[in-house]
Amino acid sequence: MPKSNLPTYAIVELLMRLEAHNNLIGHYKDHNISKSDVIVKTTGGAIRFPETLVMQQFQDPELVPDEILLETVSSFKPIS
């Protein structure tokens, strides 16, 4: 999926939800797509989302379970 076809606000919403689990993540700056993952640059570092998670957040955010969010938090790499 091209970067321009991905709903950026769904990424921002995911970051807001993840902030409850790790407040170092920060705010959205940019994103790139790599295979089926979305690599998101934030004010605090970078985090990787499966493209399917972004689309699920876009289509029906209530169906995104906290367990998946907790798994996603582990991919966060802070700025060094």
Side-chain angles (χ1 to χ4, degrees):
M1 173 180 289
K3 179 179 175 178
S4 61
N5 291 349
L6 201 64
T8 303
Y9 71 89
I11 296 170
V12 173
E13 289 174 348
L14 283 168
L15 290 173
M16 290 183 338
R17 292 180 69 181
L18 290 176
E19 200 168 28
H21 301 286
N22 184 338
N23 62 356
L24 299 177
I25 291 174
H27 303 287
Y28 175 87
K29 289 176 70 176
D30 193 17
H31 72 275
N32 291 304
I33 298 174
S34 171
K35 296 184 184 179
S36 62
D37 287 340
V38 181
I39 301 163
V40 181
K41 294 178 186 174
T42 70
T43 54
I47 191 164
R48 183 179 297 262
F49 294 120
E51 192 175 308
T52 54
L53 178 62
V54 175
M55 293 310 297
Q56 187 175 20
Q57 177 68 28
F58 173 67
Q59 294 167 349
D60 199 348
E62 292 181 7
L63 293 180
V64 176
D66 281 337
E67 295 81 28
I68 298 296
L69 294 176
L70 289 172
E71 287 176 23
T72 305
V73 167
S74 68
S75 75
F76 176 65
K77 304 290 185 226
I79 296 173
S80 18

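Along the sequence shown, residues are numbered consecutively beginning with 1.
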Asks: Do Leu24 and Phe76 have side chains that get closer than 4.5 Å, going by heavy atoms?
Replies: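 Answer yes - side chains close enough.
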Asks: With a 4.5 Å heavy-atom cut-off, do His27 and Val12 have their side chains touching?
Replies: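 Result no, sub-4.5 Å side-chain heavy-atom pair not found.
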Asks: Could you tell me whether the side chain of Ile47 reaches within less than 4.5 Å of the side chain of Leu15, counting heavy atoms only?
Replies: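 With C-beta onward as the side chain, the pair touches.
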Asks: I need the Leu53 CG to Leu14 CG distance, nearest 0.5 Å.
Replies: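 Those atoms lie 5.0 Å apart.
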Asks: Does anything in residues 64-78 form a side-chain hydrogen bond (donor to acceptor under 3.5 Å, both in side chains)? List the pairs, not counting sequence neighbours.
Replies: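 Not a single pair qualifies under side-chain hydrogen bond (donor to acceptor under 3.5 Å, both in side chains).
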Asks: Linking I/L/V/M/F/W/Y whenever any side-chain heavy atoms sit under 4.5 Å apart, do Ile39 and Leu69 land together?
Replies: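 Hydrophobic grouping puts Ile39 apart from Leu69.
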Asks: For residues 39-48, which residue pairs pass the side-chain hydrogen bond (donor to acceptor under 3.5 Å, both in side chains) check, not counting sequence neighbours?
Replies: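 side-chain hydrogen bond (donor to acceptor under 3.5 Å, both in side chains) check on residues 39-48 returns Asp37-Arg48.
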Asks: Are any non-hydrogen side-chain atoms of Phe49 and Leu18 less than 4.5 angstrom apart?
Replies: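 Touching, per the 4.5 Å side-chain cut-off.
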Asks: Working to the nearest 0.5 angstrom, can you tell me the gap between His31 NE2 and Thr8 OG1?
Replies: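 The OG1 atom of Thr8 is 4.5 Å from NE2 of His31, to the nearest 0.5 Å.
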Asks: Do Ile79 and Ile25 share a hydrophobic cluster, counting only Ile, Leu, Val, Met, Phe, Trp and Tyr and linking them when any side-chain heavy atoms are less than 4.5 Å apart?
Replies: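 No, it is not one cluster - the side chains of Ile79 and Ile25 are not joined through contacts under 4.5 Å.
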Asks: Between side-chain atoms of residues 56-65 and protein atoms elsewhere (two or more places apart, or another chain), which donor-acceptor pairs fall under 3.5 Å?
Replies:
unit_1: Gln56; atom_1: NE2; unit_2: Leu63; atom_2: O; d: 3.2
unit_1: Gln57; atom_1: OE1; unit_2: Arg17; atom_2: NH1; d: 2.9
unit_1: Gln57; atom_1: NE2; unit_2: Glu13; atom_2: OE1; d: 3.1

Asks: Tell me every residue that passes side chain to side chain contact (heavy atoms under 4.5 Å, CB included) with Leu70, counting only those two or more places apart in sequence or in another chain.
Replies: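 For Leu70, the residues satisfying side chain to side chain contact (heavy atoms under 4.5 Å, CB included) (neighbours in sequence not counted) are His21.
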